2 protein chains.
Amino acid sequence: MPAENTQPKYRQIADYLRRGILDGTFPAGQPLPSEEALAKQFGVTRPTVRQGLTELRASGLVEAIMGRGTFARSPHSRPNVTRPRGIRRGKNGSFTEADGIKWTEAEEPIAVRTDAPLALADLLRVPPGEPLYTYDALQTAEPGLRQLHRTYVPFSILVSTKYEEEAPPQAPQLYAALADLGHELHFTEYLRPRMPLPDQAQALRLPDGVPILLILRVTLNEHDKPLALEEFQLPGDDLELAYSL
Amino acid sequence: MPAENTQPKYRQIADYLRRGILDGTFPAGQPLPSEEALAKQFGVTRPTVRQGLTELRASGLVEAIMGRGTFARSPHSRPNVTRPRGIRRGKNGSFTEADGIKWTEAEEPIAVRTDAPLALADLLRVPPGEPLYTYDALQTAEPGLRQLHRTYVPFSILVSTKYEEEAPPQAPQLYAALADLGHELHFTEYLRPRMPLPDQAQALRLPDGVPILLILRVTLNEHDKPLALEEFQLPGDDLELAYSL
DNA sequence: AAGTGGTCTAGACCACAAC
DNA sequence: TTGTGGTCTAGACCACTTA
């Protein structure tokens, strides 16, 4: 007697399509059968088919395009871009990113003063609520790269420096500015994946089912005192990071 | 005249609940109103409410528990565990992970010989199809940590060594074994986020909407020749990685 | 027993894209 | 005009949890 198939119908449909996508029956970029066709093929109604497709969409295996069809994606191949993470110091005291990407601001960045939330206060080793200089940017670069970049500098770091009145520059010039204040810099990055909120998905132009990579970079001086914190939100598709150990 | 609300109803419901979760109206761990209650509140039918909840589940903001309710999650707080990435060399030639975690195998690991797929052949700088010694493990550690760990070593690296007959050990003993063969080791890690496949989600006990962090660690010798490759799949919640630049 | 989420039907009408 | 996916109704019945 064969094992009973207790799987719900929508999951059987999802499994069938997932297998087809992974084994090449439905190649990346090609349309899947229409919802109507699948409903007929499996003897179910369209909402049931759509429930299966919703599952595939949430896992990034499939992208539905209004009026055109549902297309297989290829979230398991190596990405197009590798970004080596690191900071190099030039002879003239300048700092550059190891990946050499030239970013431009997609929109007018927003500079404000915020109060340190708990999670950031922890990393910056300042009391919660401490005022932070905050700089918020949506950056773009060729070919089609995007990232959200937020910079936090505690006012206590800037006090009795020329940046008490004048806004400090954005990284990497920020590093040179901090070095000019007499600090020896080093950096630690904390990272984790996360699903985007709707506004983040929109800003980064992410389809459904694509996670983001959240990076918190802390700039420290020679006494391991945190001087600044940057938050990067990177699209999880089409991109990988490289670190040397 | 107010701007017309063109948002679909299910998205209005999702937005209402998301706002509530992010601003603390629905605290993490607490149940949301039942689907029935939301349907009544918004004047829609249950399938419409469920469509909104499905969206929140896919983004990891909410977890439904059968028979009990739908509960808010807190995917935006700092995780419980920080794993510093790095490899330290002991005086006696041993290697240890910087995070100091002691892993145990949750199931009997599987050792097989596979042919290098394109993506791995690229990183190992061997021809596609080259035979690889492969070791597949599901590892656990206190408190409740889990990771998938796969090790690949090209047979061409092992030829005319004692590991031609005998299986090479798993990392970190693998590194000592490679060092014993006369190599000076260094390491590069490539990483990206991804949504799990169903079997991965099950092995790592991930709820819906939680991405995984995929790490490819390449072990290289002093001539930058790749010797081995490890693939780590880590749960994206409750964990962050730390790298020093 | 009552309340919760899970699955499914059988439609309807709409918005968008391609021909 | 036709075919596609997007939204929504108004139910039904089931499986699971808690009391």
Side-chain angles (χ1 to χ4, degrees), chain A residues 4-18 20-21 26 29-73 198 201-202 205-209, chain B residues 4-18 20-21 26 29-73 198 201-202 207-209:
Chain A
E4 232 192 310
N5 193 346
T6 72
Q7 287 279 83
K9 295 180 185 175
Y10 79 89
R11 192 173 297 277
Q12 295 176 33
I13 298 169
D15 287 345
Y16 163 79
L17 294 171
R18 181 166 28 235
I21 291 166
F26 301 118
Q30 292 302 113
L32 268 46
S34 75
E35 298 178 354
E36 201 78 64
L38 288 167
K40 195 164 187 181
Q41 178 180 343
F42 283 89
V44 298
T45 56
R46 241 188 88 208
T48 302
V49 169
R50 282 181 66 78
Q51 199 176 349
L53 288 170
T54 297
E55 194 171 285
L56 296 183
R57 223 165 346 158
S59 65
L61 283 172
V62 128
E63 182 174 356
I65 301 183
M66 167 60 112
R68 304 223 293 126
T70 302
F71 297 78
R73 297 183 77 249
Q202 193 181 7
R205 306 220 193 295
L206 296 180
D208 282 346
Chain B
E4 231 192 309
N5 193 346
T6 73
Q7 288 279 83
K9 295 179 184 174
Y10 79 88
R11 191 173 299 276
Q12 295 177 34
I13 298 169
D15 287 345
Y16 163 79
L17 294 171
R18 180 167 27 236
I21 292 167
F26 301 118
Q30 292 302 112
L32 270 45
S34 75
E35 298 179 353
E36 201 78 64
L38 288 167
K40 193 165 187 180
Q41 179 180 342
F42 283 90
V44 298
T45 55
R46 241 188 88 206
T48 303
V49 169
R50 282 180 66 78
Q51 198 175 349
L53 288 171
T54 297
E55 194 170 285
L56 296 182
R57 223 166 344 161
S59 66
L61 283 172
V62 126
E63 181 175 357
I65 301 183
M66 169 59 113
R68 302 222 295 126
T70 301
F71 297 79
R73 299 182 77 248
Q202 194 182 7
D208 282 346

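Numbers restart at 1 for each chain; the letters A, B, ... are given by sequence-line order, proteins then strands. Source: prediction; values computed, not measured.
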Starting from C1' on C:dG6, measure out to CG on B:Asp208 and report it in whole angstrom. 13 Å

Could you tell me whether a side-chain N or O of B:Gln12 sits under 3.5 Å from a main-chain N or O of B:Gln7, the two making a donor and an acceptor? yes

Given the rule in the side-chain contact (heavy atoms from CB on, under 4.5 Å) test, do A:Val62 and A:Phe71 qualify, once you have shown the distances and angles that lead to the verdict? CA-CA 6 Å; A:Val62 128; A:Phe71 297 78; over 6 Å; no

It should be established whether A:Thr48 places a side-chain nitrogen or oxygen under 4.0 Å from OP1 or OP2 of nucleotide C:dT7. no

Is there a donor-acceptor pair under 3.5 Å between the side chain of A:Thr48 and the backbone N or O of A:Val44? no

B:Arg57/B:Glu63 salt bridge by N-O under 4.0 Å criterion: no

At a cut-off of 3.5 Å, list every protein nitrogen or oxygen paired with a nitrogen or oxygen from nucleotides 11-19 of chain C, distance to 0.1 Å.
none

How many whole angstroms separate atom CD of A:Glu36 from atom P of D:dT2? 15 Å

Taking NZ from A:Lys40 and C1' from D:dT4, how many angstroms apart are they, rounded to a whole number? 16 Å

Is the shortest side-chain N to carboxylate O distance from B:Arg11 to B:Glu55 below 4.0 Å? yes

For D:dT7, does either OP1 or OP2 sit under 4.0 Å from a side-chain N or O belonging to B:Arg50? no

Gap between atoms CD and P, on B:Glu55 and D:dT7 respectively (whole Å): 9 Å

Can you tell me how far CG of B:Leu56 sits from CG of B:Asp15, rounded to the nearest 0.5 angstrom? 8.5 Å

